[in-house]
Structures are given as C-alpha cells and as structure tokens.
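Here the structure comes first, spelled out in structure tokens, and everything after it is commentary.
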Amino acid sequence: MNPSTTADPTADATPKISFREVVKTYPMKAGTFTALDTVSLDIAEREFVTVVGPSGCGKSTLLGMAAGLVEPTAGETLLDGRPVRGPGPERGVIFQQYALFPWLTVRRNVEFGLRLASISAEERRRRAQRAIDLVGLGDFADALPKTLSGGMKQRCAIARAYAVDPQVLLMDEPFGALDALTRVQMQDQLLATWSKERRTVLFITHDVDEAVYLASRVIVMASRPGRVHRTIDVDLPYPRTEAIRLSPEFARIRNDVWHSVYHQTPAASDA
Ligand code: ADP
C-alpha cells in the first residue's frame, strides 16, 4: 500500500474500530456523572486518528473502551465488527507513564509482553530485537531503564507494544511527559515506524500541533458532557516533514483545531 494514501473512512469496509453510540456514566452521591455522551466514531484500518480536547472531556475513557479496559454504560465498541469484551493482544496500549520494570534491561522489558503469549524463547528474542531496532534503540538493548533518557524509556515502552505485533496501537498522551524537542523527535520516529508497518492508531493528546502533525483526521472533543465536537480532516501528505510542519497549510489546520478546542462554540460543520 502506498503510505501517502490516506485510508478512506467512508470506504465500504468494516471499520477497524467502531464506537457505536457509546455512553459512560458514573454513579455520584446525587445522580450520575456523564463522562461520555453518545459518541459514534469509525476508524478505518491503517488510519492514524488523533483525539484532542480539554481535560476531562472523556478522551481516556474513549481509548479505554477501545482497549477493553472501560465498559460502556450503553452502546458498544467494535473491533473488526465484533464487540470488544476485554483487552486483547491485537491491541497494544501505551500510556504516558513508561511502566518499565527497572530491574530488567530494555531487551527483557520488551520480551516481557511476549512471555504471556506461548512463543519460543528464540522467537521472543527475534521479535524483541526487531521492535527494538524499529524504535531506534538497537545500541541500548542491554541497558537498564535508569540509564535511559525519558524519550528512550518511552521508545522502550513503544517497542514492548510493537513486539506483540498488535494490529491497533492505542496511545494515551504517550509523549506528554517529554520536553518539546524530544517530543518532536518522537513524533517523527512514530510516523516513520507507522509508515513501515501501517497499524491503526488511535492517539490521544492535548497538544494541538501534535494532533495535526500526526493524524489524517483529528477528533475534537468537548466536555460536560464528553462528546465529539468536530472532526477535522488533515489533508496533508505523508511523510510529514519539517517543511509541512512549518507550512501555511499546516498553520491553517492547526488554527482551526485550536479554535475548536479553546473556543468551543458550535461550528458550522458540527454534526
Ligand atoms: P480526559 O482523558 O479527556 O482528561 P477522562 O476520560 O480521563 O478525560 O475522564 C472523563 C471524566 O470522567 C472526567 O471528568 C473524570 O473525572 C471522570 N471519571 C473518569 N473515571 C471516573 C471514575 N472511575 N469515577 C468517576 N468519574 C470518573
């Protein structure tokens, strides 16, 4: 497949991930709190979708539903057209916290996720090495996490998810704890990997630039109750480059997303 081709979410194919009128409420002392109110969203296979919105608008709740970690109060989440009933190896989840085992080397950390699947030691090692190389940590395979920078630790966490070979990557603010420069490098590195492997990615961020730079489609959410406010297509080609990041077209889309996030008056294109 040509990596510069954006997956067409309107194509007549089963979406990779489908949120069908999902609702999440939590019981409160008085009544209920609606974290997500009737969200419907389809994500096509190989699509890179980012979700952006103010704190508390339900971004993590939505991702948790795709991960099978949060059960909807109403509606359903489908993976390849089948209801999500819990977590599964076809979905790799990456959070902001690196969650590495400090006493294990990079290689052992990456292999760890594979120990749960019944695969041979040799195959585990081969897969771990491939994932480590893919994220550019080849020279640090035998290093302990404490000797790595924040960006390298997060790459190790990403390699651990890749090693299981998931079809879907669910990333919740994965670069949120990194400094601005490392963050930009991680974005480029993630896109480089994605262009090789083309997994389906659902990526949560509150960084508007990051949302636009990575995605072919940005979902802007609103809060109280959490819902989809707007969907904005990013008609910029892949591979994304510095020239694209600095282009007037990028700025135009970024400004559009920015206004949708920070000035959430109903827009003409609201569904
Ligand atoms: P975001 O990721 O956009 O910051 P979340 O999905 O984490 O938002 O949370 C959405 C809303 O649901 C927030 O107001 C949060 O406080 C609330 N919430 C999340 N989990 C629970 C829970 N277990 N009980 C009660 N409220 C919750």
Side-chain angles (χ1 to χ4, degrees), residues 3 46 48-51 59-60 63 66-67 87 89-117 119 123-207 209-215 238-242 245:
R46 302 174 196 281
F48 200 131
V49 170
T50 49
V51 181
K59 301 184 295 296
S60 295
L63 184 127
E90 70 289 330
R91 282 158 290 152
V93 188
I94 298 161
F95 297 104
Q96 181 174 329
Q97 295 307 325
Y98 318 120
L100 301 177
F101 297 113
W103 60 89
L104 296 180
T105 63
V106 165
R107 188 190 309 284
R108 295 284 174 218
N109 264 287
V110 174
E111 282 181 10
F112 188 84
L114 296 167
R115 285 177 36 189
L116 306 173
I119 36 183
E123 173 70 4
R124 280 206 302 269
R125 203 172 169 83
R126 195 188 62 75
R127 282 219 222 167
Q129 188 63 52
R130 183 167 175 278
I132 290 166
D133 289 342
L134 207 55
V135 300
L137 277 184
D139 290 342
F140 298 89
D142 298 311
L144 287 170
K146 68 177 178 202
T147 67
L148 305 178
S149 68
M152 290 159 87
K153 283 183 199 154
Q154 191 57 304
R155 276 192 271 163
C156 183
I158 291 171
R160 188 169 56 189
Y162 283 165
V164 185
D165 203 17
Q167 301 155 19
V168 175
L169 284 174
L170 303 169
M171 308 181 84
D172 193 349
E173 296 265 7
F175 307 148
L178 305 177
D179 65 85
L181 181 62
T182 308
R183 194 168 180 141
V184 164
Q185 290 168 344
M186 293 293 292
Q187 291 163 3
D188 284 331
Q189 207 267 332
L190 174 63
L191 282 182
T193 310
W194 177 73
S195 67
K196 281 186 224 154
E197 308 268 310
R198 284 303 286 260
R199 289 161 172 134
T200 309
V201 185
L202 178 60
F203 186 110
I204 285 172
T205 179
H206 58 240
D207 181 322
D209 279 67
E210 180 167 87
V212 174
Y213 188 66
L214 294 174
Y238 290 101
R240 302 273 163 93
T241 58
E242 192 173 48
R245 201 190 275 279

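As a basis for the values below, the full set of heavy atoms in this structure was taken, side chains included, without hydrogen atoms, waters or symmetry mates. Computed from a prediction, not measured in an experiment: that's the story for all the values here.
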Residue list, side-chain hydrogen bond (donor to acceptor under 3.5 Å, both in side chains) with Gln185, at least two apart or on another chain
none
What ring-ring contact (aromatic ring centres under 6.0 Å, His included) pairs are there with at least one residue in residues 130-170, not counting sequence neighbours?
none
Rounded to the nearest 0.5 angstrom, the CZ-CZ distance for Phe101 and Phe112 is 4.0 Å
Test of understanding: with side-chain hydrogen bond (donor to acceptor under 3.5 Å, both in side chains), list the residues that count as partners of Glu197, not counting sequence neighbours.
Arg130, Arg199
Does Arg125 have any side-chain hydrogen bond (donor to acceptor under 3.5 Å, both in side chains) partners at least two apart in sequence or in another chain, and if so, which?
none
Those residues that, when tested against Val184, pass side-chain contact (heavy atoms from CB on, under 4.5 Å) (two or more places apart)
Gln187, Asp188, Arg245
My understanding is that only residues two or more places apart in sequence, or in another chain, count here; which of them pass side-chain hydrogen bond (donor to acceptor under 3.5 Å, both in side chains) with Ser60?
Asp172
Partners of Ala66 by side-chain contact (heavy atoms from CB on, under 4.5 Å), sequence neighbours excluded?
Ile17, Phe19, Leu170, Leu202
Keeping to residues at least two apart or across chains, list the side-chain hydrogen bond (donor to acceptor under 3.5 Å, both in side chains) pairs with something in residues 134-161.
Arg107-Asp142
Results of side-chain contact (heavy atoms from CB on, under 4.5 Å) for Ala163 - residues two or more places apart only
Val110, Leu114, Ala131
Identify, with sequence neighbours excluded, every residue that meets salt bridge (Lys or Arg N to Asp or Glu O under 4.0 Å) alongside Glu90.
none
State, with a plain yes or no, whether a side-chain heavy atom of Val106 is found less than 4.5 Å away from one of Ile132.
yes
Distance check, rounded to the nearest 0.5 Å: Thr193 atom OG1 versus Asp133 atom CG?
11.0 Å
Can you name the salt bridge (Lys or Arg N to Asp or Glu O under 4.0 Å) partners of Glu210, sequence neighbours left out?
Arg183
Could you name each residue pair satisfying ring-ring contact (aromatic ring centres under 6.0 Å, His included) that touches residues 165-188, not counting sequence neighbours?
Phe175-Phe203
Sub-4.5 Å side-chain heavy-atom contact between Thr205 and Tyr213:
no
Heavy-atom closest pair, residues Pro89 and Val164
O-CG1, 3.8 Å
